[in-house]
Amino acid sequence: MTETEDTTQNGSSVSRRRFVLGAGASGLAAGLSGCASVFDGGSTSGAQTGRSDSGGTTVTWGFDATVAQDHAAQVREALHNEGGLSDDIRVEFQPGQPDSGKRRAAYNRLLSSQETSPDMFMMDNGWVNIFIQRGQLANLSEVLSDETLSTIENEYFSGFTETAIDPASGNLFGVPLYPDYPTMLYRKDLVERAGYNPTEDNWATEPMTWEEWSNIAVDVQDNAGLDYGFTTQWDIYVGTACCTFNEVMSSWGGAYFGGRENLFGPVGERPVTVDSEPVIDSLNMMRKFVHDEDSGGQFSSYGGGFTPTNILSWIEDSSLAPFIDGNAVFHRNWPYAINQAAGEFGDNLGTMPIPYAVSESEAQFPGTGGTTSALGGWHTTANPYSEKLDAVAQVIQAATREEFQLFLLEMEGWLPPRADLFGSSTAENVEPIGNYMDTLRVAGENTMARPVTAVWNDQSSKIAQQTNRAVDRAATSAEAMSSLQSTLEQTEQSN
């Protein structure tokens with residue numbers, strides 16, 4: 001659970017005082033001119049709710065395309081019934097581009113041209129910081145009530161909330177709507193058949209080391225006679241840079257830019273640290289898993305050779321297929337994979353936090369170490385040019401109500417942004433994801449965001465290339481990271 005003053009296991013909490021009292025000028029500046037037509041279609045009203053629009057205020061919300069088109073009436077009704085939104089405010093959902101990158105470009109054009117509608121947006125946590133740095137969003141520390149700001153600070157997953165905070169001022173520019181993060185899936189029946197007891201040993205909530213886990217993977221694979229002990233993603237694509245490598249590196253105490261505090265800049269002033277020992281060690285561990293290669297005896301106590309070279313060309317769905325087909329023991333993926341795998345294996349599916357190499361206290365860089373899950377998910381942000389910010393604040397506050405967040409979990413499977421809801425009876429009764437809430441809560445408390453800045457797109461492609469080369473043995477891990485070190489330093493300075 002988010003703490004109010006101290007750091008969590010893998011993250012630091014931003015003082016509520018910075019939310020409430022630190023709000024300064026929001027620096028709203030227009031950028032490049034662009035087109036205001038950003039949506040797939042017009043506003044999606046859904047069925048009539050029976051509420052009168054006369055004399056009231058209509059707030060437009062750029063929203064998930066599928067939900068806006070198929071469930072607008074239900075979400076609107078829930079904002080009133082579960083969220084307590086006043087009957088004087090009606091929310092119209094406008095479907096955004098389904099592709100996250102296209103939606104980002106569309107919102108940038110709209111805000112750069114200072115359009116007043118939509119009044120609020122659903123923005124990917126992976127790029128909301130860029131809008132913050134450009135001064136394109138309303139400062140919610142100046143818009144929301146102290147009570148709402150306190151709820152976000154004290155109850156929400158801190159690692160997720162931090163992706164919506166201006167690192168310079170500490171002001172809040174986005175409110176978490178729902179997070180997304182991966183866990184380790186495994187075949188419980190095969191593990192138990194090999195003599196392990198995941199329930200008694202609390203695999204669902206107590207992370208194990210990579211060393212212990214790798215030996216289990218080899219043992220269970222051999223015992224079951226399967227093709228693979230572990231499947232994951234390591235293709236040359238953004239998912240490796242943002243997520244799979246980020247997790248492995250962080251779990252070793254490594255970091256792209258010297259630790260959690262530098263994730264979002266300032267670009268050009270933060271250290272580049274990919275050539276450090278823990279980063280190189282993390283890649284050598286992956287080489288052990290794939291090639292059973294022992295780097296100077298460092299990994300002699302680890303299991304090896306249980307991960308296929310196929311991961312070098314696998315992304316999420318391609319790496320999931322062998323697991324669903326019954327050809328792998330362990331699999332790393334996002335919550336959608338839990339739903340698919342549970343449909344195939346039922347109670348024989350288990351989940352666990354992603355393993356780790358060093359604890360936080362042993363990590364070289366601040367905020368790293370321990371079990372680490374990459375971070376996905378979406379925030380709610382506000383258009384600074386909206387003429388209805390008071391009503392927008394009321395809609396956002398309605399969306400922070402526990403009852404509304406549980407409604408989204410039941411309807412769409414969107415995980416709540418606060419840890420305490422994961423243990424609720426409502427959450428645990430959502431099939432099949434409710435059976436895995438304990439693991440998902442631990443993962444949510446130990447996330448590591450991608451270091452999104454204006455130069456991240458260029459950096460992520462270079463990271464994926466070099467980490468793929470290292471695990472492919474096209475270069476040593478040290479050589480690949482030395483090359484990446486130089487490249488990242490150049491991109492930092494070029495900005």
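Position 1 is the first residue of the sequence, and the numbers go up from there. On a predicted model such as this, the values are computed, not experimentally measured, just so you know.
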Check ion pair Arg109-Glu115 (N to O, under 4.0 angstrom):
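Salt bridge between Arg109 and Glu115, a charged N being under 4.0 Å from a carboxylate O: no.
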Salt-bridge present (Glu192, Lys188; N to O < 4.0 Å):
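No salt bridge links Glu192 with Lys188.
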For the pair [X] and [Y], name the ring-plane relationship: parallel under 30°, tilted 30 to 60°, perpendicular over 60°.
| X | Y | answer |
| --- | --- | --- |
| Phe245 | Trp234 | perpendicular |
| Trp61 | Phe63 | perpendicular |
| Phe289 | Trp210 | tilted |

Using every non-hydrogen atom in the two residues, find where [X] and [Y] come nearest and quote the distance to one decimal.
| X | Y | result |
| --- | --- | --- |
| Pro353 | Ala204 | CD-O, 3.5 Å |
| Pro167 | Gln133 | CD-NE2, 3.4 Å |
| Thr453 | Asn129 | CA-ND2, 4.4 Å |
| Phe157 | Pro416 | CE1-O, 3.7 Å |
| Thr183 | Met352 | CB-O, 3.7 Å |
| Pro335 | Leu415 | CG-CD1, 4.1 Å |

Do the non-hydrogen side-chain atoms of [X] and [Y] ever get within less than 4.5 Å of each other?
| X | Y | answer |
| --- | --- | --- |
| Phe407 | Val75 | yes |
| Pro384 | Gln136 | no |
| Phe323 | Leu185 | yes |

Step by step, would you call Asp420 with Glu155 a side-chain contact (heavy atoms from CB on, under 4.5 Å)?
CA-CA 8 Å; Asp420 59 348; Glu155 299 181 20; 4.2 Å; yes
Stepwise side-chain contact (heavy atoms from CB on, under 4.5 Å) check, Thr60 with Val91
CA-CA 6 Å; Thr60 54; Val91 179; over 6 Å; no
For [X], does the [atom1] atom have more than 12 heavy-atom neighbours from other residues, nucleotides or ligands under 6.0 Å away?
| X | atom1 | result |
| --- | --- | --- |
| Asp201 | CG | yes |
| Glu200 | CD | no |
| Glu387 | CD | no |

Please check if any side-chain donor atom of Glu316 sits under 3.5 Å from a side-chain acceptor atom of Asn333, or the reverse.
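There is no such pair (donor and acceptor under 3.5 Å, judged by atom type) between the side chains of Glu316 and Asn333.
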Is a donor from one side chain sitting under 3.5 angstrom from an acceptor on the other, for Thr151 and Thr148?
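Side chains of Thr151 and Thr148: no pair found under 3.5 Å.
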Ignoring hydrogens and angles, write down the donor-acceptor pairs under 3.5 Å from the side chains of residues 422-429, residues two or more places apart or on other chains.
residue : atom : partner : partner atom : Å
Ser424  : OG   : Leu421  : O            : 2.8
Ser424  : OG   : Ala427  : N            : 3.2
Asn429  : ND2  : Ser425  : O            : 2.9

So Asp166 and Ser169, side-chain hydrogen bond (donor to acceptor under 3.5 Å, both in side chains) or not? Walk me through it.
CA-CA 6 Å; Asp166 177 13; Ser169 68; 2.9 Å; yes
For side-chain contact (heavy atoms from CB on, under 4.5 Å), just list the numbers for Leu408 and Leu177, CA-CA rounded to whole Å, side-chain angles, deciding distance to a tenth of an Å, and then say yes or no.
CA-CA 9 Å; Leu408 291 179; Leu177 184 62; 4.0 Å; yes
Would [X] and [Y] count as a close aromatic pair, with their ring centres under 6.0 Å?
| X | Y | result |
| --- | --- | --- |
| Tyr186 | Trp203 | yes |
| Trp334 | Tyr336 | no |
| Phe160 | Tyr178 | no |
| Phe121 | Tyr107 | yes |

Relative to Phe345, does Arg187 satisfy both conditions: NZ or CZ under 6.0 angstrom from the six-membered ring centre, and within 45 degrees of the ring's axis?
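Arg187 over Phe345 ring: yes.
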Test side-chain hydrogen bond (donor to acceptor under 3.5 Å, both in side chains) applied to His331 and Thr232, step by step:
CA-CA 6 Å; His331 175 66; Thr232 187; over 6 Å; no
Applying side-chain contact (heavy atoms from CB on, under 4.5 Å), run through Arg104 and Ile130 and close with a yes or a no.
CA-CA 10 Å; Arg104 168 186 164 184; Ile130 296 174; 3.2 Å; yes
